[in-house]
Engineer: 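Just passing along the structure, written as structure tokens.
Only a predicted model underlies this, so the values are computations on that prediction, with no experimental measurement involved. Atoms considered below: every heavy atom in the structure, side chains included; atoms not considered: hydrogens, waters and symmetry mates. A, B, ... follow the sequence lines: proteins, then strands. Residue 1 opens every chain.
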Amino acid sequence: MIKKKFYVTTAIDYVNAKPHCGHAFEKTLADAIARWNRLNGKDVFFLTGVDENAQKNVQAAEKAGINVKEFVDKNTGFFLDLCKKLNISYDDFIRTSAKDHAVIVQKIVKKIIEKGDIYLGKYEGYYCTGCEEYKTEKDLVDGKCPEHNKEPEFRKEEAYFFKLSKYQDKLLKIIPKYVIPEQRKNEIIKRVEEGLTDLCVSRRNVEWGIDFPNDKNFKIYVWVDALINYISGLKNKEKKYWPADVHVIGKGINWFHSVIWPALLLSAGYELPKTLLVHGYLNLGGKKISKSLGNVIDPLGLLGKYDSDSVRYSLLKCSVFEDSDYSEEILISRNNNELANKLGNLVSRVEALAEKYGIEKTENKLISKLKLKEIEKYVNNYEFDKALNEIFAFIDECNLYVQDKKPWETHDKKVLYELADSIKATAILLYPFMPSTSGKIAEQFGFKIDYKEISKPLKVSKIKKGEILFKKM
RNA sequence: AGCGGGGUAGAGCAGCCUGGAGUGCUCGCGAGGCCCAUAACCUCGAGGUCGUGCGGUUCAAAUCCCACCCCCGCUACCA
């Protein structure tokens with residue numbers, strides 16, 4: 001039987017600084033999607049990586065007084081480390097400075113040129129000679145560059161433009177089926193309806209980046225370069241996995257993914273990705289993450305102190321679509337109140353009872369309290385926080401069942417079987433979110449982590465009390 | 001300014017579309033139960049003018065309509 005393919009990506013991150021918990025959030029979301037689909041028997045390809053060609057990296061490197069390559073290598077290392085410690089099951093990690101990426105980018109840009117969608121025009125704007133870059137009105141304070149406190153000069157220079165405006169009607173047809181959630185979709189539709197102007201896709205006077213085809217005076221605009229990672233990252237598996245099933249991105253880069261990316265693909269003659277999942281931001285103590293406020297949480301720091309599953313769970317309980325609050329206190333509270341007290345304690349008490357009295361196969365009536373259909377619906381809609389709430393509601397039911405049936409008094413092996421079988425179902429459902437915990441439970445109770453196992457009765461085996469799953473903090 | 005989302009118990013949410021006693025969930029707080037378990041688990045309880053308008057519609061408004069106040073998001077070549 002041929003497995004159905006499933007291709008999921010995250011945005012690629014700038015490596016101008018160390019990762020923050022927003023990066024951890026996005027990677028964990030995408031990982032949960034990847035694992036959920038693998039669990040359901042799909043042939044999954046999961047791509048993540050870093051954007052090394054951005055000017056921001058160059059600026060940050062200059063500030064640090066290190067050469068760009070060295071700087072980028074060092075920071076990319078932090079992102080790789082983050083993925084490893086978070087247990088991110090990516091199939092490939094792309095770095096856009098890689099040669100094979102540049103080849104694909106040039107190939108696609110050439111296709112767009114051949115289509116006649118790129119033309120030489122004039123770019124006009126306000127150029128700050130201090131920054132050596134164009135500024136938008138938004139960048140300026142009282143008409144001056146805030147960095148250098150001087151007025152930028154008006155410049156007009158040759159540049160290549162992509163005929164974005166040409167795709168307006170097609171985009172308006174595509175976007176409604178492509179972008180979730182509703183709110184993000186509507187924002188984009190409104191803006192596209194207001195009209196599109198062509199996009200400047202070349203950069204002059206920069207050394208870092210990918211050469212423009214047939215014109216060495218220019219580099220390719222880094223966003224075009226960056227977006228193409230979703231194809232170049234597949235390397236020789238492009239035929240098999242493209243188009244992407246889900247791009248997971250943050251709300252800040254919605255425009256590029258909702259409008260520019262499909263337009264480029266249409267022009268170059270590629271199939272379009274199916275879903276764009278736009279997630280919200282994490283706020284720390286109710287405030288935006290910002291370095292000047294000093295409220296950045298270092299996820300690597302958290303992962304040094306806490307288990308990966310505790311970090312993953314605490315992130316996944318944040319709303320996917322809305323901005324939500326996150327902090328170390330929230331992590332600790334979710335770990336203690338939900339993971340340790342509910343799940344960990346349930347497993348612990350059932351193991352202890354089963355070890356003493358054994359289990360005996362019977363029909364599991366308790367499992368009717370598990371709202372499987374609803375959980376599936378939530379996961380398929382990417383509402384992981386709600387799915388987890390439902391799963392934990394069932395864990396509450398299990399704890400209540402222990403309380404009601406008093407197996408420590410009755411020594412009822414059948415009740416203990418029902419509980420063990422229910423724990424099996426729970427652990428399988430939790431696999432996409434907490435893979436290592438799920439594995440530990442599977443080992444203790446003797447079952448395979450496979451979605452089909454949920455409905456198959458648990459094989460009776462000797463159960464022993466294992467290690468505590470979650471320590472309290 | 002334009003467009004969109006929101007204001008419900010100490011905190012965070014659901015309920016609103018399709019009106020029917022303020023109903024529910026998570027955390028926190030108070031009392032009790034249990035003794036299998038990680039001082040965990042279970043039960044009960046306190047706590048709310050559902051942003052404001054003694055606004056409108058209605059037998060009936062958190063829910064529908066209007067006005068106002070406050071918060072947040074988006075407004076492209078910033079990568």
Engineer: Within a reach of under 6.0 Å around NZ of A/Lys371, are more than 12 heavy atoms found that belong to other residues, nucleotides or ligands?
Structural biologist: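 Not more than 12 within 6.0 Å, no.
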
Engineer: Using whole Å, what does the distance between atom P of nucleotide B/G6 and atom CG of A/Asp323 come to?
Structural biologist: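 Checked: the CG to P distance equals 14 Å.
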
Engineer: Specify the separation, in whole Å, of atom CD of A/Gln183 and atom P of B/G5.
Structural biologist: 8 Å

Engineer: In whole Å, measure the gap between the P atoms of B/C72 and B/C13 for me.
Structural biologist: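 Each nucleotide's P atom is 14 Å from the other's.
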
Engineer: Categorize A/Asp198 for me: base, sugar-phosphate, or nothing, with a 4.0 angstrom heavy-atom threshold over every strand shown.
Structural biologist: base

Engineer: When the C1' atoms of B/G19 and B/A31 are considered, how many whole Å apart are they?
Structural biologist: 38 Å

Engineer: Indicate syn or anti for B/C17, taking the glycosidic torsion and treating anything within 90° of 0 as syn.
Structural biologist: anti

Engineer: Pick base, sugar-phosphate or nothing for A/Phe161, based on heavy-atom distances below 4.0 Å to the nucleic acid.
Structural biologist: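 No contact.
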
Engineer: Going by an N to O cut-off under 4.0 Å, is there a salt bridge joining A/Lys406 and A/Glu409?
Structural biologist: no

Engineer: Let me know the distance between CZ of A/Phe321 and P of B/C72, rounded to the nearest Å.
Structural biologist: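 The answer, rounded to whole Å, is 23 Å.
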
Engineer: Base, sugar-phosphate, or nothing: which does A/Thr197 touch, judged by heavy atoms less than 4.0 Å apart?
Structural biologist: base

Engineer: I'd like to compare against my own output: the B/S/- annotation of nucleotides 27-34 of chain B with a strict under-4.0 Å heavy-atom distance to protein.
Structural biologist: SS----BS

Engineer: Please pick, from B/A37, B/U38, B/C36, the nucleotide with the shortest atom-to-atom distance to any side-chain atom of A/Leu353.
Structural biologist: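 Among B/A37, B/U38, B/C36, the one nearest the side chain of A/Leu353 is B/C36.
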
Engineer: Side-chain N or O of A/Arg191 less than 4.0 angstrom from OP1 or OP2 on B/C74?
Structural biologist: no

Engineer: Return one dot-bracket line describing RNA chain B 5' to 3' (Watson-Crick or G-U wobble pairs, both distances under 3.5 Å; ( ) same strand, [ ] crossing, | another strand, . none).
Structural biologist: ((((((((.[[[[[)....(..]]]]].(((((.......))))).....[[[.[[..)....]]]]])))))))....

Engineer: Quote, to the nearest angstrom, the P distance that separates B/U52 from B/C69.
Structural biologist: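 Looking at atom P only, B/U52 and B/C69 are 15 Å apart.
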
Engineer: Using atom C1' in both nucleotides, what's the gap between B/C65 and B/U57 to the nearest angstrom?
Structural biologist: 7 Å

Engineer: Write down the distance between NZ (A/Lys251) and C1' (B/C74), rounded to a whole number of angstrom.
Structural biologist: 9 Å

Engineer: Are the side chains of A/His257 and A/Leu227 in contact, using a 4.5 Å heavy-atom criterion?
Structural biologist: yes

Engineer: Which value, in whole Å, describes the distance between the P atoms of nucleotides B/G5 and B/A14?
Structural biologist: 14 Å

Engineer: May I ask you to verify if any side-chain N or O of A/Lys472 is less than 4.0 angstrom from the OP1 or OP2 atom of B/A40?
Structural biologist: yes

Engineer: B/C13 P sits how many Å from A/Phe384 CZ, rounded?
Structural biologist: 20 Å

Engineer: Can you check the A/Glu383 CD to B/A14 C1' distance for me, whole Å?
Structural biologist: 12 Å

Engineer: Any base atoms under 4.0 Å from A/Asn341, or only sugar-phosphate, or nothing? Heavy atoms, all strands.
Structural biologist: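 Result for A/Asn341 = sugar-phosphate.
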
Engineer: Using a heavy-atom cut-off of 4.0 Å across all strands, would you classify A/Lys471 as base, sugar-phosphate, or nothing?
Structural biologist: nothing

Engineer: Can you list every pair that meets salt bridge (charged side-chain N to carboxylate O under 4.0 Å, His left out) and has a residue in residues 156-174 of chain A, with sequence neighbours left out?
Structural biologist: A/Asp117-A/Lys166, A/Glu124-A/Lys156

Engineer: Nearest to the A/Lys356 side chain among B/C74, B/C36, B/C77, which nucleotide is it?
Structural biologist: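 Looking only at side-chain atoms, A/Lys356 lies closest to B/C36.
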
Engineer: Under 4.0 Å between any heavy atoms, over every strand shown, what does A/Arg334 touch: base, sugar-phosphate, or nothing? Just pick one.
Structural biologist: nothing

Engineer: Sticking with atom P, work out how far B/C68 lies from B/A1, rounded to a whole angstrom.
Structural biologist: 12 Å

Engineer: Rounded off to whole Å, could you give me the CH2-to-C1' distance for the A/Trp255 and B/G73 pair?
Structural biologist: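 Atom-to-atom, A/Trp255 to B/G73, this comes out as 16 Å.
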
Engineer: If we take the C1' atom in both B/G4 and B/C41, what is their distance in whole Å?
Structural biologist: 45 Å

Engineer: Does A/Leu196 reach a base, just sugar-phosphate, or nothing at all? Heavy atoms under 4.0 Å.
Structural biologist: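 Here A/Leu196 touches the bases of the nucleic acid.
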
Engineer: Applying a 4.0 Å non-hydrogen cut-off, can you work out what A/Ile468 is touching in the nucleic acid: base, sugar-phosphate, or nothing?
Structural biologist: base

Engineer: Give me the distance, rounded to whole Å, that separates B/C16 from B/G7 when you measure between the P atoms they each carry.
Structural biologist: 13 Å

Engineer: Answer yes or no: is there a side-chain heavy-atom contact under 4.5 Å between A/Thr426 and A/Leu370?
Structural biologist: no

Engineer: Could you name each residue pair satisfying salt bridge (charged side-chain N to carboxylate O under 4.0 Å, His left out) that touches residues 214-224 of chain A, not counting sequence neighbours?
Structural biologist: A/Asp211-A/Lys219

Engineer: Using side-chain contact (heavy atoms from CB on, under 4.5 Å) as the criterion, point out the one residue from A/Leu346, A/Leu416, A/Leu469, A/Ile463 that pairs with A/Glu351.
Structural biologist: A/Ile463

Engineer: Aromatic ring centroids of A/Phe321 and A/His279 under 6.0 Å?
Structural biologist: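 A/Phe321 vs A/His279: aromatic centres not under 6.0 Å.
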
Engineer: Considering every strand and a 4.0 Å limit on heavy-atom distances, what is the contact class for A/Leu346: base, sugar-phosphate, or nothing?
Structural biologist: nothing

Engineer: Are more than 12 heavy atoms from other residues, nucleotides or ligands located less than 6.0 Å from atom NZ of A/Lys471?
Structural biologist: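 It does not: A/Lys471 NZ has 12 such atoms or fewer within range.
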
Engineer: Students often get this wrong, so: under 4.0 angstrom with heavy atoms, is A/Leu469 touching a base, only sugar-phosphate, or nothing?
Structural biologist: base

Engineer: Nearest to the side chain of A/Arg184, heavy atoms from C-beta on, is which of B/C41, B/C78, B/C74?
Structural biologist: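 Of the options given, the side chain of A/Arg184 lies nearest B/C74.
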
Engineer: Measure OH/A/Tyr378 against P/B/C25 and give the value in whole Å, please.
Structural biologist: 15 Å

Engineer: Which is more 5' along RNA chain B, the nucleotide nearest A/Val350 or the one nearest A/Leu400? Just name the residue.
Structural biologist: A/Val350

Engineer: Ignoring the backbone of A/Phe256, work out which of B/G4, B/A37, B/C78 is nearest its side chain.
Structural biologist: B/C78

Engineer: Any luck finding a side-chain donor-acceptor pair between A/Asp309 and A/Thr437 under 3.5 Å?
Structural biologist: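 The answer is yes; a qualifying pair exists.
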
Engineer: Remember a base hit wins even if backbone is also touched, and classify A/Ala226 as base, sugar-phosphate or nothing at under 4.0 Å, heavy atoms.
Structural biologist: nothing

Engineer: Who passes side chain to side chain contact (heavy atoms under 4.5 Å, CB included) against A/Ala159, sequence neighbours left out?
Structural biologist: A/Tyr123, A/Phe161, A/Cys200, A/Ser202

Engineer: If you measure only the distance, is there a donor-acceptor pair under 3.5 Å linking the side chains of A/Glu52 and A/Thr76?
Structural biologist: yes

Engineer: Select base, sugar-phosphate, or nothing to describe what A/Phe162 touches, counting heavy atoms under 4.0 Å on all strands.
Structural biologist: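 Here A/Phe162 touches no strand at all.
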
Engineer: Does anything in residues 328-351 of chain A pair up under ring pair (Phe, Tyr, Trp, His ring centres under 6.0 Å), and if so which pairs, sequence neighbours excluded?
Structural biologist: none

Engineer: If you assign A/Gly195 and A/Ile395 each to the RNA chain B nucleotide with the nearest heavy atom, which residue ends up on the more 5' nucleotide?
Structural biologist: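 Nearest-nucleotide comparison on RNA chain B picks A/Ile395.
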
